[in-house]
Amino acid sequence: MSRVRIVGGCMRSRVIDVPESTGLRPTPDRVRETVFNWLGQELSGLNCLDLFAGSGAMGFEAASRGAASVVMVEKAPAVFAHLQNTLGLLKAPNVRLQRGDALEFLRATPERFDVIFLDPPYRQGWLERVAPLLPRVLAEDGRVYVEAETAVDTLAGLTAFKRGKAGQVHYQLLANEDTP
């Protein structure tokens, strides 16, 4: 089992175990540090969605940095159970776990989010399926972080305004053109 650490905030340096699961790739520490520099170190008052939660690294990082709420959605039963265990250890009251399908969650939730983290399984067409549903759940001046196997310049009417690459992984922060 591999591990990642929370980079900043009130849970800084806490370690998260990463369960063994096909296709699970936790966002590396240095990439998370860059992304949260882009977003601003403090996420106070922001509502965040970690749609393909996996290890929970992005969601727990957001919670550590003061997000008002973080919803983590995960479909795989064993990975979800691991997230429950991690949440129990970290005792993050601003985190809510939701077991289920990403598309069903987006269709059903009445919530809107200021920051959405998208790191879906690669080569399965998830970004294309999620894109039409994002506008109804993204706050007007919201931002979407996308981690993918290829560069993403636009998604759901949003444009990448920050981008990076780590190994084979492309990561970018998208927003409405007026927002950044």
Side-chain angles (χ1 to χ4, degrees), residues 1-9 11-43 46 48-65 67 70 72-76 79 83 86 102-103 106 113-135 137-139 141-180:
M1 185 173 299
S2 64
R3 306 173 108 191
V4 295
R5 69 180 174 85
I6 295 174
V7 180
M11 293 185 276
R12 183 184 175 155
S13 297
R14 298 285 303 268
V15 175
I16 299 172
D17 289 329
V18 178
E20 297 294 327
S21 183
T22 304
L24 188 64
R25 316 161 318 278
T27 303
D29 294 358
R30 71 180 179 86
V31 172
R32 273 183 289 112
E33 189 168 5
T34 299
V35 171
F36 284 93
N37 283 338
W38 291 347
L39 289 170
Q41 293 297 320
E42 283 293 315
L43 300 182
L46 299 182
C48 301
L49 171 63
D50 189 354
L51 193 57
F52 298 88
S55 69
M58 294 302 283
F60 287 123
E61 189 77 46
S64 179
R65 293 169 184 261
V70 179
M72 300 169 124
V73 179
E74 178 56 49
K75 186 174 184 176
V79 177
L83 283 170
T86 302
L103 297 175
L106 290 175
F113 301 94
D114 302 296
V115 180
I116 299 175
F117 300 104
L118 295 178
D119 182 7
Y122 289 175
R123 295 179 248 309
Q124 295 181 22
W126 279 107
L127 291 178
E128 294 79 6
R129 289 184 276 164
V130 164
L133 302 172
L134 289 178
V137 299
L138 185 64
D141 59 350
R143 295 168 189 228
V144 176
Y145 167 76
V146 178
E147 198 169 303
E149 67 274 25
T150 59
V152 176
D153 295 321
T154 61
L155 183 72
L158 306 172
T159 303
F161 67 98
K162 298 274 189 179
R163 66 185 78 239
K165 187 174 183 219
Q168 300 299 309
V169 176
H170 295 263
Y171 57 98
Q172 43 272 307
L173 192 59
L174 296 90
N176 285 317
E177 286 189 19
D178 314 343
T179 301

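Treat the numbers as computed from the prediction; the structure is a model and nothing was measured. The figures here come from the full heavy-atom set of this structure, side chains too, leaving out hydrogens, waters and symmetry mates. The first residue in the sequence is number 1, and the count goes up from there.
The minimum heavy-atom distance linking Arg3 with Asp17 is given by the pair NE-OD1, 2.7 Å. When all heavy atoms of Asp114 and Leu46 are compared, the closest pair comes out as OD2-CA, 3.4 Å. Here the closest heavy-atom approach between residue Ala166 and residue Arg30 is recorded as CB-NH2, 3.6 Å. Residue Met72 comes nearest to Ala53 through the heavy atom pair CB-CB, 3.8 Å, listed as atom of the first residue, atom of the second, then distance. Minimum heavy-atom separation, Gly157 to Asn176: O-OD1, 4.0 Å. Across all non-hydrogen atoms, the minimal contact from Arg143 to Phe161 is NH1-CZ, 3.1 Å.
With sequence neighbours excluded, no residue satisfies salt bridge (Lys or Arg N to Asp or Glu O under 4.0 Å) with Arg12. Residues satisfying the ring pair (Phe, Tyr, Trp, His ring centres under 6.0 Å) criterion with Phe60, sequence neighbours excluded, are absent altogether. Shown here are the salt bridge (Lys or Arg N to Asp or Glu O under 4.0 Å) partners of Arg163, two or more places apart in sequence or in another chain: Asp153. Gln124 pairs by the side-chain hydrogen bond (donor to acceptor under 3.5 Å, both in side chains) definition with Trp126, not counting sequence neighbours. Listed by chain and number, the residues in a ring pair (Phe, Tyr, Trp, His ring centres under 6.0 Å) with Phe117 are Phe36 (sequence neighbours excluded). For Lys165, the salt bridge (Lys or Arg N to Asp or Glu O under 4.0 Å) criterion is met by no residue, not counting sequence neighbours.
Remark: Glu147 CD to Leu127 CG distance equals 11.0 Å, nearest 0.5 Å. Rounded to the nearest 0.5 Å, atoms CD1 (Ile116) and CG (Leu138) are 4.5 Å apart. Of the inter-residue distances, the one linking Lys162 atom NZ with Gln172 atom CD reads 13.5 Å to the nearest 0.5 angstrom. Annotation: the span from Asp50 atom CG to Phe113 atom CZ amounts to 10.5 Å, rounded to 0.5 Å. Separating the CD atom in Gln168 from the OG1 atom in Thr150 is a distance of 11.5 Å, to the nearest 0.5 Å. Here OG1 of Thr86 is found 10.0 Å from CZ of Arg14. Values are rounded to the nearest 0.5 Å.
Contact check for Leu39 versus Tyr145: no side-chain heavy atoms found under the 4.5 Å cut-off. The shortest distance between side-chain heavy atoms of Phe52 and Val79 does not fall below 4.5 Å. Here the side chains of Met58 and Asp119 are not in contact, with every heavy-atom distance at 4.5 Å or above. Side-chain contact check for Leu103 versus Val130: some heavy-atom pair is nearer than 4.5 Å. Side chains of Leu134 and Leu118 form a contact here, defined as non-hydrogen atoms less than 4.5 Å apart. Counting only heavy atoms from C-beta outward, the side chains of Val31 and Val169 never approach each other to under 4.5 Å. At least one side-chain heavy atom of Leu106 sits under 4.5 Å from a side-chain heavy atom of Leu49.
Side-chain N or O atoms of Arg32 include one that pairs as donor or acceptor with a backbone N or O of Arg5 at under 3.5 Å. Side-chain atoms of Glu61 come within 3.5 Å of backbone N or O of Val7 as a donor-acceptor pair.
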